[in-house]
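See structure below.
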Number of protein chains: 2
Amino acid sequence: MKELSKSEVKREALIKATISLVINNGFHATSMSKIAKTAGISPGTIYLYYENKQDLINKVYLHVKENFTTYVFKGYHESVPVEKGFKIIWHQIADFRLKFVEEALFLSHCDNTPIIDEESRKEGIKHIQPLLALWEKGQELGIIKKACPYILYAYTVYPMAFLTNAQQRDEYHLTEENRALAYQMSWDSIKINTNK
Amino acid sequence: MKELSKSEVKREALIKATISLVINNGFHATSMSKIAKTAGISPGTIYLYYENKQDLINKVYLHVKENFTTYVFKGYHESVPVEKGFKIIWHQIADFRLKFVEEALFLSHCDNTPIIDEESRKEGIKHIQPLLALWEKGQELGIIKKACPYILYAYTVYPMAFLTNAQQRDEYHLTEENRALAYQMSWDSIKINTNK
DNA sequence: AGTAAATAAATGAACGTTCATTCATTTATT
DNA sequence: AATAAATGAATGAACGTTCATTTATTTACT
């Protein structure tokens with residue numbers, strides 16, 4: 001196990017506190033004092049590591065996005081067949097969302113509200129590049145519908161956010177069965193129907 | 001044309017201002033003074049019609065949701081066949097989102113952030129009842145996959161929000177062709193494949 | 001190894017600003 | 001003349017941020 005220094009522990013607590021408070025109350029309703037108190041540090045300490053509140057949210061966003069990307073492309077390589085590759089990535093996204101619920105909600109929140117600077121949002125989008133490349137390959141091979149990445153994303157990755165959000169609110173439970181069904185629907189929506 | 005009294009005009013301006021400012025800056029970053037100024041009224045006047053800021057956002061949300069529902073179920077009746085009914089509703093949702101861009105963004109924003117009171121959010125969900133009934137009928141007839149409403153919604157209605165948001169940010173253009181494609185993907189994901 | 005000096009990290013009270021809300025007053029309508 | 005609608009300056013609470021001060025860690029020297 002990697003040993004974390006005391007300040008690294010506090011740093012992690014700060015990030016966790018930011019994520020948790022922002023998803024539950026929204027960015028502007030979350031005060032720096034509340035973040036500090038939740039993290040067990042002083043408000044002033046935050047300003048040793050982050051320029052201001054906006055800088056804090058931008059950096060936390062990119063940090064979480066990086067963790068996300070590392071997780072979902074783990075073990076994936078361009079060489080695997082398109083359908084298999086898609087299945088691996090899709091399921092790892094689902095795993096991430098279920099394992100790191102708050103982090104996942106935080107990413108949805110940032111991607112769907114104007115709290116993140118445009119620059120940081122664009123930076124975050126670049127991270128899913130391997131998935132875009134996979135789709136392109138699939139399209140060249142006639143396996144995947146010739147839709148632009150936005151449409152493909154809207155029907156495969158985006159719906160998961162909705163389901164996890166609902167689960168978070170206890171309105172719905174994402175069982176193994178539901179998960180398999182959701183994957184099938186993702187795939188059905190983007191694959192080319194070979195039989196009439 | 002229906003004539004609106006002067007105060008009704010101001011009332012509409014207030015709602016429009018709230019919607020526009022909230023989707024562009026977020027709820028908590030939008031001050032009552034700014035809303036008032038944008039609507040061309042005094043901050044105090046808002047309190048004649050709404051108890052407080054929270055009451056304002058809740059009521060505006062339900063107001064827009066009602067407009068949305070009226071629009072998307074216009075001309076639809078339970079008696080039409082499942083596939084046709086779905087097509088009508090889906091396309092009217094798309095029409096609404098393209099015609100009333102800010103209202104649609106506002107609804108997504110409220111549905112995906114914690115700014116609306118839980119009570120009002122639950123109230124808003126009830127409005128899509130006819131669509132849920134249509135799905136149920138489709139499932140009984142063996143036309144639509146036996147997935148819970150959350151999953152069906154995630155793969156048909158929810159993706160549209162993503163596409164309209166992207167269009168709003170000028171990252172993507174929802175042409176007629178893209179729209180037809182998106183509809184096909186919605187349908188492909190929820191229909192039962194009759195041929196192996 | 002032990003201690004003092006130097007540096008770094010962390011604190012939290014204080015500051016100026018902004019906000020939601022109020023209400024005495026003005027303007028419009030009946 | 002009486003009532004209703006609208007105003008906007010005033011208020012106090014809460015905010016992000018600062019910085020003089022305290023606490024912890026590292027370095028230098030014996």
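Note that this is a predicted model, so its numbers are computed, not measured. Lettering of chains follows the sequences in order, A, B, ..., and the numbering in each one begins at 1. These values consider heavy atoms only, across backbone and side chains, with no hydrogens, waters or symmetry-generated copies.
Of the candidates C:dA20, D:dG16, D:dT7, D:dG16 carries the atom nearest the A:Ser31 side chain, counting heavy atoms from C-beta on. In this structure, of C:dA10, C:dT21, D:dA5, it is C:dA10 that holds the atom nearest to the side chain of A:Leu48. Checking D:dG16, C:dT21, C:dG12 against every side-chain atom of A:Ser42, the shortest atom distance belongs to C:dG12. The nucleotide whose nearest atom lies closest to any side-chain atom of B:Met32 is, among C:dT11, C:dA20, D:dT7, C:dA20. Distances were taken from every side-chain heavy atom of A:Tyr49 (C-beta onward) to each of C:dA10, C:dA20, D:dA6; the shortest belongs to C:dA10. Listed candidates were D:dT17, C:dA10, C:dT21. Nearest to the side chain of A:Thr45 is C:dA10. Comparing D:dG16, C:dT11, D:dG8 by their closest approach to the side chain of B:Pro43 singles out D:dG8. Taking every side-chain heavy atom of A:Lys53 into account, D:dT17 is the closest of C:dA10, D:dT17, D:dT7.
C:dG12 atom C1' lies 12 Å from atom CD1 of A:Ile46, rounded to whole Å. Distance, B:His28 NE2 to D:dA14 P: 15 Å, rounded to whole Å. For A:Asn52 and D:dT18, the CG to P distance is 8 Å, given to the nearest whole Å. Between the CD1 atom of B:Ile35 and the P atom of C:dT18 there is a distance of 17 Å, rounded to whole Å. Rounded to whole Å, the distance from NZ on B:Lys10 to C1' on C:dT27 is 12 Å. The distance from atom OH of A:Tyr47 to atom C1' of C:dA10 is 15 Å, rounded to the nearest whole Å. Atom pair A:Ile41:CD1 and D:dT23:P shows a separation of 18 Å (rounding to whole Å applied).
With hydrogens and angles disregarded, a donor-acceptor distance shorter than 3.5 Å links the side chain of B:Lys145 to the backbone of B:Ser189. Here the side chain of A:Asn52 pairs a donor or acceptor atom with the backbone of A:Gln54 at under 3.5 angstrom. For A:Lys137 (side chain) and A:Glu78 (main-chain N/O), a donor-acceptor pair under 3.5 Å exists by modelled atom type.
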Parsed dot-bracket for DNA chain C after applying the Watson-Crick and G-U rules with both distances under 3.5 Å and | for other-strand partners is ||||||||||||||||||||||||||||||
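Remark: B:Glu123 engages B:Lys126 in a salt bridge, criterion side-chain N to carboxylate O under 4.0 Å.
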Extract all donor-acceptor atom pairs below 3.5 Å that involve side chains of residues 102-111 of chain A and protein atoms in other chains or at least two apart in sequence.
residue: A:Ser108; atom: OG; partner: A:Arg97; partner atom: NH2; Å: 3.1
residue: A:Ser108; atom: OG; partner: A:Ala104; partner atom: O; Å: 3.2
residue: A:Asp111; atom: OD1; partner: A:Tyr61; partner atom: OH; Å: 2.8
residue: A:Asp111; atom: OD2; partner: A:Lys65; partner atom: NZ; Å: 3.3

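Among residues two or more places apart in sequence or in another chain, the salt bridge (charged side-chain N to carboxylate O under 4.0 Å, His left out) test is passed with A:Lys99 by none.
A:Phe27 contributes atom CZ, which lies 9.5 Å from atom OG1 of A:Thr18 (distance to the nearest 0.5 angstrom).
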